[in-house]
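First the structure, in the form of structure tokens, and then the observations on it.
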Amino acid sequence: QEQLTESGGGSVQAGGSLRLSCAASGFTRSTLSWGWYRQAPGKQREGVATMAYDGGLDYADSVKGRFTISKDNAQNTVYLQMNSLKPEDTAMYYCAAEADLPFRVWVKYSGFRFWGQGTQVTVSS
């Protein structure tokens, strides 16, 4: 059974850093596409960063230059390194993944089949 488990959220002051992790289990295919999304209270979920099956990356304009998505193939884990955090980055962050997508995902795509339970990130000013 496919499962995604996020970790690494927490509370940090503005300007600080956090690294989120998303561990995938039960996936039998290696051609995974990944995405990080966030949802703040009262707001719609938005894409933050995606990694296509071929390694292609896409970022939301609001996080470009501050956030980095990366992957550890051996651990089947994807990361979101978040630097220079701002109070507006406060949200629940979700990981998503799916194997064998026939197209290159981009940050506006949200149709992933599998989602994690989320990890809270709170940035104080």
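What's counted below: heavy atoms across the whole structure, side chains too, no hydrogens, waters or symmetry copies.
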* Asked: How many angstroms lie between atom CZ of Arg113 and atom CD of Glu2, to the nearest 0.5 angstrom?
  -> 6.0 Å
* Val123 side chain reached by Gln13 side chain, heavy atoms, under 4.5 Å -> no
* Between Ser125 and Ala14, what is the shortest heavy-atom contact and its length? -> CA-CB, 4.3 Å
* Asked: Do Leu18 and Met92 belong together in a cluster built from hydrophobic side chains that touch within less than 4.5 Å?
  -> no
* Rounded to the nearest 0.5 Å, what's the gap from OG on Ser17 to CE on Met82? Could you check? => 8.5 Å
* **Common cluster, Val12/Val63, ILVMFWY with side-chain heavy-atom separation under 4.5 Å** => yes
* Walk me through it: do Phe27 and Thr31 pass the test side chain to side chain contact (heavy atoms under 4.5 Å, CB included)? => CA-CA 10 Å; Phe27 289 85; Thr31 53; over 6 Å; no
* To do: Using the test side chain to side chain contact (heavy atoms under 4.5 Å, CB included), find all partners of Ser25 that sit at least two apart in sequence or belong to another chain.
  => Gln3
* **Student check: side-chain heavy atoms of Tyr53 and Asp100 closer than 4.5 Å** => no
* Return the orientation label for the Tyr37 and Phe112 ring planes: parallel under 30°, perpendicular over 60°, tilted otherwise. => perpendicular
* Distance in Å, Cys22 SG paired with Phe114 CZ, rounded so as to fall on 0.5 Å steps -> 12.5 Å
* Shortest non-hydrogen contact from Gly47 to Ala60? -> O-CB, 3.4 Å
* Asked: Could you give the distance from OG (Ser21) to CD (Gln81), rounded to the nearest 0.5 Å?
  -> 9.5 Å
* Asked: If we only count heavy atoms from C-beta on, is the Leu32 to Leu101 side-chain gap below 4.5 Å?
  -> no
* To do: For side chain to side chain contact (heavy atoms under 4.5 Å, CB included), just list the numbers for Gln120 and Thr90, CA-CA rounded to whole Å, side-chain angles, deciding distance to a tenth of an Å, and then say yes or no.
  => CA-CA 8 Å; Gln120 177 68 36; Thr90 295; 4.0 Å; yes
* Begin with the C-alpha distance, continue with both residues' side-chain angles, and end with the deciding distance and a verdict on side chain to side chain contact (heavy atoms under 4.5 Å, CB included) for Leu80 and Thr68. => CA-CA 6 Å; Leu80 185 68; Thr68 303; over 6 Å; no
* **CZ-OG1 distance between Arg38 and Thr119, expressed to the nearest 0.5 angstrom** => 14.0 Å
* Asked: When rounded to the nearest 0.5 angstrom, what is the spacing between OG in Ser62 and CG in Asp89?
  -> 7.0 Å
* **Chi angles and distances behind the side chain to side chain contact (heavy atoms under 4.5 Å, CB included) call for Leu57, Ile69** => CA-CA 8 Å; Leu57 307 180; Ile69 185 172; 3.7 Å; yes
* Asked: Which heavy atom in Arg104 sits nearest to a heavy atom in Ala52, and how many Å separate them?
  -> CG-CB, 3.4 Å
* Heavy-atom pair of closest approach, residues Tyr94 and Glu6 -> CA-OE2, 3.3 Å
* Determine, stepwise, if the pair Asp61 / Lys64 fulfils salt bridge (charged side-chain N to carboxylate O under 4.0 Å, His left out). => CA-CA 5 Å; Asp61 288 341; Lys64 281 180 181 176; 3.1 Å; yes
* Is it possible for you to say whether Leu4 and Tyr79 belong to one hydrophobic cluster, with membership spreading through side-chain heavy-atom contacts below 4.5 Å? => no
* To do: Report yes if some heavy atom in the side chain of Asp72 is under 4.5 Å from a heavy atom in the side chain of Val78; otherwise report no.
  => no
* To do: For residues Val107 and Ala49, report the shortest heavy-atom separation together with the two atoms involved.
  => CG2-N, 3.7 Å
* Report yes if some heavy atom in the side chain of Cys95 is under 4.5 Å from a heavy atom in the side chain of Trp34; otherwise report no. => yes
* **Check: Phe67 ring centre within less than 6.0 Å of Trp36 ring centre** => no
* Looking just at side-chain N and O atoms, do Asp58 and Thr50 make a donor-acceptor pair shorter than 3.5 Å? -> no
